[in-house]
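Source: prediction; values computed, not measured. Every chain is numbered from 1 and lettered A, B, ... according to where its sequence line falls, protein lines coming before strand lines.
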Amino acid sequence: MSHRLGPMQTLPSPMRRFEESDIVDYCIVGVGSAGGVLVQRLARAGFRVVALEAGHFWDTEKDWVSDEKGSHELYWNDLRITGGTHPLALGANNSGKGVGGGSVHWAAFVPRFHPSDFRVYSEDGVGANWPISYWDLKPYYELLEREIPVAGPAWFPWGDPHGHPYGPHPLGGVGDVLVRGCSNLGIRSVAGGPVAILSASHGDRPHCIYRGFCLQGCKVGAKASTLITHVPDAISHGAEIRAYAMASRISLRDDGRVNGVVYFDREGKERFQRARAVIVSGYAIETPRLLLNSACPGHCNGLANSSGTLGKYLMAQAGNVVAGRFDELIRLYKAPPAHALSEEFYETDPGRDFARGFAVQTVGPLPVAFAKQMVAAMGAWGWGMRQVMMDYNHWATLGVLGEILPWEDNRVELAEEKDQHGLPVAKVMFNLHDNDKKLIEFGKNKVMEIMAAAGATQVVQESRFAHLVGASRMGSDPSTSVVDKFGRTHDIPNLFVCDGSILPTQGSANPGLTIQALAARTADYLIKQGETIFYSNRRDLNEPGIRYDLSPPYTRFKGNPRIA
Amino acid sequence: MTRKSFPFRASGGELKDLKQPGYYEGYSSMAQKKNWDEATQKTVTDRVEKVSGIRFFSEKEAALFVAVIDRVMPQDDRAEGRTIPILPALDERLDKNSLNGFRYEDMPPDQEAYRLAAKAIEEMAQERFGESFPLLTVHRQELILKSLHDGKPDPDNAVWQKMPVHRFWAMLMEDCVTAYYSHPWAWDEIGFGGPAYPRGYMRLENGLPEPWEKDEQRYEWNAPVDSVSQPDEEGAPPEHGSLHGHGGSH
Ligand SMILES: Cc1cc2nc3c(=O)[nH]c(=O)nc-3n(C[C@H](O)[C@H](O)[C@H](O)COP(=O)(O)OP(=O)(O)OC[C@H]3O[C@@H](n4cnc5c(N)ncnc54)[C@H](O)[C@@H]3O)c2cc1C
Ligand code: SF4
């Protein structure tokens, strides 16, 4: 039986397999949003690449279901310890496992970051500056918007205004509530995107059927995940994706360069993949964990941690969910959860008493998720729970997506507890600071106001957090950051980090598109550097120039349509 | 499961016996099964047809949690044979050590948390009412559970010094609602369209039903009037951050 990726696409077969004795050019750890793009680019450019992925290699027809509980396996469910004054929920709340990583269960909202996000410290005196500007990343945003590709309005008015390659999606009940509430208050909103969900078929990927199970993995193949957008092309170009391979340690040679990755295979047997360079793409918790677990003589605080910042400056976004009950029926389970938003409050407003801002977005919890929200938001239990849930179809839900600043005390460390392989698990500490608390209070109240303005007769909210970034941040100064602007660790010339963990700040945009754009840029850099990565310690910081000939098939166009 | 809350032993209160609670009379998501993809059909059908036995909990603990679950996720209005199994799902999760990806630093492992809570709840019942929890009247059971819900255990118990009561409550509720609202009979009750691949939905706006869905037919839904688990306008709990990941938002 062929390995299915959606109803029409199949995984290219056979896949190349490298021998244990082979020294590959790149070993990538983690095939998620970033890892999937990297492996595809590097394979297309002719490098010998093995990508290790701890989780399953999904066959979407066999392994995925239209069912909340049945989708448990999509998440990183292994033990982690969470603490601090505002401990983060992990697992299904923010961490994927398996080929595609978080892009399998993301809602696929893909707003770009704003130009101001890259200069937060210069503009507001808080947070950090990026070592690159929006304009360095812009061509990659445009490129990925075509490769994924993105559906959305022809005119997105915030940040650097832009259009989208695919047309916007029709509005569902929740999107209607967002647009209505915002309009009644004179707040601009957009609908139908930007989302990495097809509004028309694209090659072997059918368009969206509005079934609302995006967070359970899109069996239809309408929603983008690197599993279906980039991994097939990677395999066609000779990459090996090795699933059920849990990296435990990166191995360092005496000369201060890495030479491969130690991992556990499906049977729990320890193995070693030799490589001329290593890229870690395990996301904001597992990446620092792996580097910390790779401590060795000369690097006793973890690999690439001479700055002492590895694991620090972890960020999550404020993700309060505001639920409103309407007299009329909404049926919030229809249409993709992600389909309308407003970024009217994104930027710092001197009239408010905090820096930075937030976005307002649709969310679409299915029954189990909604019931949990009612436990938190209303204290529902017993008959009260039964009664509230009987009105499930009368509720609409909107999310705050608020920028929490990078703080040193929000961090990933190693816990005492060990996982099934005997490796120390991650301990995640998270605390809100004054600016964050003010921002959340304001954002939550604003979204409750929007909900009421849309006509809700009862409005409640649940405090929570969404997404993760940071914890091995990029920067120009090796004493305050882990990697340089191309993801190369300051300490080890052939060790790279490329995933959400390198973001210095997070804006109020969902991080996925930015993570993929950064991966494509890092790939261009590595390709331009060619063999020198493998033997030279020289650090070239010149921009590589964007390559337009490395995109997966059928995604090369002249540009992104935009009106005005 | 028990049907003892009708009428409440403590104070009476009555409820119509319903074939199917909720406002979507005659709606059946399982009747749509043939329109679902194979993998989903199997997952959901197994949930209905294959209920696992109790392995993790001892007999005594199981009896206690049956009583607890009957109060935190009451089903007395459901017809016999249409009760949604909750304890078996919880027991299976703990037995298989199926985690949700994290543990709060101030919490013991999930299994230990449930064992400790069983002990605490039983001791609270004995201390306050001089009787074992499962034998208490529904009203008295509710009073004890409400005190856990409120984060103010009455009477207090040494266990709650070791384990934050609000975190245990959140985990208990999460396990219960996951078992209940992942069951197709609950989807019928709340009018959720259920799995929709490959067919999809076509009426996205204005809360309109698909041809196979039902329109809402509201009636005065009458939970026992004297239950203390009725929604409470000031019921919003103190903020403790979110529950175990709900993978339900952005
Ligand atoms: C419910 C939900 C909704 C979301 N919605 C959106 C959205 O609408 N828009 C958006 O932009 N973002 C969204 N996100 C966030 C988004 O999914 C992540 O930010 C993004 O996927 C992170 O990309 P990454 O490449 O850094 O890591 P990931 O995509 O998480 O990939 C990391 C991969 O590495 C693997 N791995 C980790 N450690 C190891 C190891 N030691 N050995 C081998 N493999 C390893 C993991 O299994 C995983 O597959 C959402 C997340 C969740 C949970
Ligand atoms: S709503 Fe659309 S994108 Fe989401 S899972 Fe369904 S078909 Fe896929």
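For B:Pro198, the part lying near chain A is the backbone, with the side chain staying farther off; criterion is any non-hydrogen pair under 4.5 Å. In this structure, the portions of A:Val220 lying under 4.5 Å from any heavy atom of chain B include both its backbone and its side chain. Heavy atoms closer than 4.5 Å to chain A are found in the side chain of B:Trp169, but not in its backbone. With a threshold of 4.5 angstrom between heavy atoms, A:Lys97 does not approach chain B through any atom at all. In this structure, chain B has a heavy atom under 4.5 Å from the side chain of A:Tyr392, while its backbone stays farther away. For B:Thr178, the parts sitting under 4.5 Å from any heavy atom of chain A are the backbone and the side chain alike. Only the backbone of A:Trp64 comes within contact range of chain B, with heavy atoms under 4.5 Å apart. The contact between B:Val44 and chain A is made entirely by side chain atoms (from C-beta outward), counting heavy-atom distances below 4.5 Å.
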Going through the checks in order, is the side-chain contact (heavy atoms from CB on, under 4.5 Å) test met by A:Phe213 and B:Tyr197?
CA-CA 9 Å; A:Phe213 279 93; B:Tyr197 170 73; over 6 Å; no

Is there a ring pair (Phe, Tyr, Trp, His ring centres under 6.0 Å) between A:Tyr333 and B:Tyr201? Walk through the geometry before answering.
CA-CA 10 Å; A:Tyr333 54 88; B:Tyr201 294 129; 5.5 Å; yes

Candidate pair A:Met389 and B:Val177, rule side-chain contact (heavy atoms from CB on, under 4.5 Å), full reasoning
CA-CA 10 Å; A:Met389 286 302 291; B:Val177 301; over 6 Å; no

Dump the intermediate steps for side-chain contact (heavy atoms from CB on, under 4.5 Å) on B:Asp77 and A:Trp383, then the final yes or no.
CA-CA 10 Å; B:Asp77 56 337; A:Trp383 292 108; 3.8 Å; yes

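Side-chain contact between A:Met390 and B:Pro21 is present, with at least one heavy-atom pair separated by less than 4.5 Å. Side-chain contact between B:Arg103 and A:Leu79 is present, with at least one heavy-atom pair separated by less than 4.5 Å.
If you take CG on B:Asn100 and CG on A:Asn77, they are separated by 6.5 Å, rounding to the nearest 0.5 Å. For the atom pair A:Trp381 CH2 and B:Glu142 CD, the distance stands at 5.0 Å (nearest 0.5 Å). Here the straight-line distance linking atom CZ of A:Arg386 with atom CG of B:Asp76 works out to 8.5 Å at 0.5 Å rounding. One finds the CD atom of A:Glu417 at 10.0 Å from the CD atom of B:Glu105 (value rounded to the nearest 0.5 Å). The distance from atom CG of A:Leu90 to atom CG of B:Leu99, rounded to the nearest 0.5 Å, is 12.0 Å.
Of the possible polar contacts, none joining the B:His149 side chain to the A:Ala380 backbone as a donor-acceptor pair under 3.5 Å is found.
Ranked by heavy-atom pairs under 4.5 Å with chain A, the first of B:Ala179, B:Cys176, B:Pro109, B:Gly193 is B:Gly193. In terms of heavy-atom pairs under 4.5 angstrom with chain B, the leader among A:Ile330, A:Val388, A:Asp67 is A:Asp67. Interface summary for chain B: among A:Met429, A:His86, A:Gln387, the most heavy-atom pairs under 4.5 angstrom belong to A:Gln387. Of the listed residues (B:Glu38, B:Met107, B:Gln41, B:Arg203), the greatest number of heavy-atom pairs within a distance under 4.5 Å of chain A belongs to B:Arg203. For the options A:Leu74, A:Leu171, A:Asp176, heavy-atom pairs under 4.5 Å to chain B are most numerous at A:Leu171. Most heavy-atom pairs under 4.5 Å with chain B: of the set A:Glu61, A:His105, A:Lys334, A:Lys69, this distinction falls to A:Lys334.
Residue B:Tyr181 comes nearest to A:Ala371 through the heavy atom pair CD1-CB, 3.7 Å, listed as atom of the first residue, atom of the second, then distance. A pairwise comparison of heavy atoms in A:Lys62 and B:Ala39 identifies O-CB, 3.7 Å as the closest pair. Between A:Arg331 and B:Pro209 the shortest heavy-atom distance is NH2-CB, 3.6 Å. Contact between A:Gly91 and B:Phe102 at its shortest, heavy atoms only, is N-CD2, 4.1 Å. For B:Leu204 against A:Ala335, the heavy-atom pair with the smallest separation is CD2-N, 4.2 Å. Taking every heavy atom of both residues into account, B:Asp37 and A:Ser66 meet most closely at OD1-OG, 4.0 Å.
Residue B:Glu25 places its CD atom among 12 or fewer non-hydrogen atoms of other residues, nucleotides or ligands, all under 6.0 Å distant.
A:Arg80 meets the salt bridge (charged side-chain N to carboxylate O under 4.0 Å, His left out) test with A:Glu286; sequence neighbours excluded. Under the salt bridge (charged side-chain N to carboxylate O under 4.0 Å, His left out) criterion, A:Asp391 pairs with A:Arg325, B:Arg218, sequence neighbours left out.
Using modelled atom types, one finds a donor on one side chain and an acceptor on the other under 3.5 Å when comparing B:Tyr24 with A:Asn393.
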